[in-house]
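For reference, the structure is listed below as structure tokens.
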Amino acid sequence: MDYKETLNLPKTDFPMKANLPSRELDILKKWKDLYKRVLKEKDGKEAFILHDGPPYANGNIHIGHALNKILKDIINKYNLLTGKKILYIPGWDCHGLPIERKVEKELRKRKLRKEDISKVEFRRMCRQYAERFVGIQKEEFIRLGVLGDWENPYLTMNPSYQATEVRELGRVFSRGLAFRSKKPVYWCIYDRTAEAEAEVEYAQRQDPSIYVKFPLVDSEDTYLVIWTTTPWTLPANLGIMVGEDYDYAFFKTPEGTLVVAEKLLGSFKRETGLEGEVVKVVKGKELLGLEYSHPFVDKERLRGHLEGDTLERIWKVYPSEFVELESGTGLVHMAPGHGQEDYTVGKRFGIEPYSPLDDGGRFVEPAPDFLIGLRVFEANGKIIEKLKEGGFLLHEDTITHSYPHCWRCKNPVIFRATTQWFIGMERKVNSETLREKSLKEIDGVKWIPSYGKNRIRSMVENRPDWCISRQRYWGVPIAVFYCKNCQSVVSDEAIFEHVAKLIEENPFGADLWFEKSAEELLPEGVACPKCGGREFEKEEDILDVWFDSGVSHACVIRPLGYDRADMYLEGSDQHRGWFQSSLLESVSSYGYAPYREVLTHGFTVDEKGRKMSKSVGNVVAPQEVVNRFGADIVRLWVVSEDYTEDIKLGEGILRRVVEDYKKIRNTFRYFLGNLYDFKPSEDRVEFKDMHHFDRWILSRLQRVLEQIHKHYRDYHFHRVNQEVRNFCITELSALYLDVLKDRLYVYAPKSWERRSAQTALYILATSLVTAVAPYLSFTAEEVWQHLVKIDGSLPDSVFLSEIPSPNESLTDEELEKDYGYLVRLRDEVMVALEIAKANGVVKHPYQAKVYIAGFEPVVEKYKDYLNYFLTVSQVELGSGGDELYDSEELKGLRVGVSHAEGKKCPRCWIFFREEEFSGDVCSRCAQVLSSR
RNA sequence: GGGCCUCUAGCUCAGCUGGUUAGAGCGUGCCCCUGAUAAGGGCAAGGUCGGUGGUUCAAGUCCACCGAGGCCCA
């Protein structure tokens, strides 16, 4: 007879092979309205708001996006599964340069430039482009299983968003934090337009290379020597920079005593052919403050053309960390209107940028007369001539070097001071400066990991004023007006509100700023508060995209009725980006940080720890992983590594993640396979009445749950995963479930032995499936659907359930202590069995009889269950056995192994003596069979 | 070049305030089972803690320098 048919073997239609790529699609259908349902379900519950940082609406998502959104999803779902209401509104960053450039490329295919069409037309094209990629990325995020309000995402190009942004700008203005000032930007003198850093292209170019001497005012025949390749910037020279710690030589020559960095003296002599002797050497520090005179600029001519006290400070020696001793003279000509570093150093010492050029790059007043009207590159020769005449030119040559060029017209660009709008770091927010208040707010925020605080702190401490204006088309306007009569700025909060309303009501939002005149945009009857003028011009500049996303707290969180988000979560690059722009904007506008916690993650790198790049060919696309293995594999990858560091990904790692996945999946499959005839409402065994082994595993489960909750709360997801995985492997699969087979399979279906075990399995299954749901979302839902069939009282999605808290009434400390010893004992018996196996005493544990001596007293308590626990046929307490093994782990313990007595029961496979048989099978089996 | 961070078995991670033979899971090797079966079980072998030099009675664990790598600046 085939006794296999009489056993309760596992039965389930939960497949071993996951086939996630297609199965997940079905689950997604089930989740279609899940966010809405969950919101309704948790109505009135405490809210958790993770505010989504908007990805840029360009291209498909890459693995970094996937990592970011999945981490957010895990945190959201953990909060959801512990009883909170989650408010998660995904967003996109839609304005800005990259889209403008894509659209310009499209235009060029049609032989058009952006100047050839209206701004509004151009903006429509940009909007369409952004819409397209919002759609694509949205589908990709949904496919990853990310739960959120995908039907109502926030887009920075939405009219309502733009309107709120304009209102926020109004708040910043009305608090006196915004101002206009000059700042050098890349400028194409042929296209007459500013260019972003990302727009310039570097190309080889030939330029003059000259050494110029500047006479010191208080020293006889002594000169500071500079080297430059842009003679045309000399009219805008306002200072000379040195390195404080460098050594400078006073070099006596026929040209006078020349000050040159000692280290560069050799190359200087070689290039200029000058000979002489070094009369002294001083540190750069000692040169600071020395005054020189300009070779061809008259100071009086500048009066009235320089901002603030700049005139008092010009033509002196200043320290700079930017001076290098690679080339030149170690003294650097400083023109704050024409150089980034010059500008930075100038600002530090109260020297405002100065640039006597028009938009076409021609010199204008108060440049020297001999230059007026000349274009910068034409002026080079005249300037050199002038220097030569005055005897200031030490050497002239040409150089071929890499120089920035316009990406459109391919001509060289210049760096030129232009008027920009700023938010001032030193402006006051109430009684403190924006910088001080922001630093204070940083202290009040929880940064995860903690070093994030230092990182953003040092950035806020050192950052310059925030330049918020851009000379571009695709963005939100800086909605201010200028009086045509007196040029003063009209930026009343009521006017911002008026414009915001217009934007809000327009289907194309801020487009109307560019189609309407100032008069149409202003409320009726506005007069200039200074001169009473009634004619105005509107500002044409738009806002920095960092301002767009920096106001998202006001556009997204406030309308929900909350004053700040619980958490921001982005890559560590956002310390400089979004975390900072949001902080500065929020502090400017409301006086406090927009977030309570900020969590940052690292970047994805390849298996060797190198950054992913197309040229290296080590890029892993999330879409590919999803199609090959499924989204749950991506999600499991996210929790398998510590995201605070670089997180590695490659074929080998994917293979391992897939292995881990199979183990967990099979554990669930085993639960389900053994619950096919279990109805919790009828068959459940009370904890106190359960088998001690079942009580033990449930008690262990409580400890595991405790750890899982702790690690989730600490955002240590890889530890959650390790906890779950180790529990599944070491305690469940290798021990509990293995030992349990006898009771599940052999006993009568409705027997206490089996029902007690099933009760434990049921609790394990429902606990673990919810615990794992935040990351293995698809699989958890799939398991859950099978559990619903077993227990109709369960909600119909795992996300409408909760992760159980550790339950004190399901713990038994004494039992855990007892089993602590029994498990160690079992390990030792396994070693003994392995030896017996090697020596041919037994092949399989069921063929063994085990003798145990030198054990601790607890063993007596569990004597009757011991053979099942050890998965052997017979156990005798006391000395004996053919193969002896003395434990090293448990000193005093001696394990003996012999071949089991009697014969194997064909039904339960355990060995019994003849007298223990009843017919063909053992008496235990006989009893089960007769009760059928 | 500067700021922040990382570097423990083949892989992913534990190792608190310095102190017995550095742990886990996976993978690998060998073996068992064929009643979780493209599953399950057992045993075993693998690190001297990126390198060097210090502090200390004692360092993976503190300090310095170097190297490799990441993010952000320049």
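Each chain gets a letter, A, B and so on, in the order the sequences are listed, and its residues count up from 1. Keep in mind the model is a prediction, meaning the values are calculated, not measured.
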Out of [options], which nucleotide sits closest to the side chain of [X]?
X: A:I653; options: B:U12, B:G27, B:C72; answer: B:U12
X: A:M16; options: B:G25, B:A39, B:G41; answer: B:A39
X: A:D646; options: B:G42, B:G69, B:A36; answer: B:G69

Under 4.0 angstrom, heavy atoms only, what part of the nucleic acid is [X] near: base, sugar-phosphate, or nothing?
X: A:Y670; answer: base
X: A:P15; answer: nothing
X: A:Q722; answer: base
X: A:G673; answer: nothing
X: A:E607; answer: nothing

Give a yes/no on whether any side-chain N or O of [X] is located under 4.0 angstrom from OP1 or OP2 of [N].
X: A:Y846; N: B:C32; answer: no
X: A:K741; N: B:A36; answer: yes
X: A:R719; N: B:G15; answer: yes
X: A:K663; N: B:G40; answer: yes
X: A:H716; N: B:C13; answer: no
X: A:R669; N: B:U37; answer: yes
X: A:K837; N: B:C43; answer: no

### Task
Calculate, to the nearest 0.5 Å, the distance between atoms CG and OG belonging to A:D544 and A:S549 respectively.
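The distance works out to 8.0 Å.
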### Query
Could a donor-acceptor pair under 3.5 angstrom be found where the side chain of A:R455 meets the base of B:C71?
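Pair found.
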### Query
A:N8 side chain to A:Y745 main-chain N or O, any donor-acceptor pair under 3.5 Å?
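Yes.
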#### Entry: Any strand: nucleotide that pairs with B:G19 via Watson-Crick or wobble, under 3.5 Å
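Across all strands, the one nucleotide that pairs with B:G19 is B:C57.
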### Message
Could you check whether A:K648 pairs with A:E641 (Lys NZ or Arg NE/NH1/NH2 to Asp/Glu carboxylate O, under 4.0 Å)?
### Response
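No, A:K648 and A:E641 are not salt-bridged.
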### Task
State plainly whether the residues A:D660 and A:R655 are in salt-bridge range, i.e. N to O under 4.0 Å.
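Judged by the 4.0 Å cut-off on N to carboxylate O distance, A:D660 and A:R655 do not form a salt bridge.
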### Message
Should A:W909 be counted as stacked on B:G35, where stacking needs a ring-centre gap under 5.5 Å and an angle between planes under 30 degrees?
### Response
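Given the distance and angle limits, yes, they stack.
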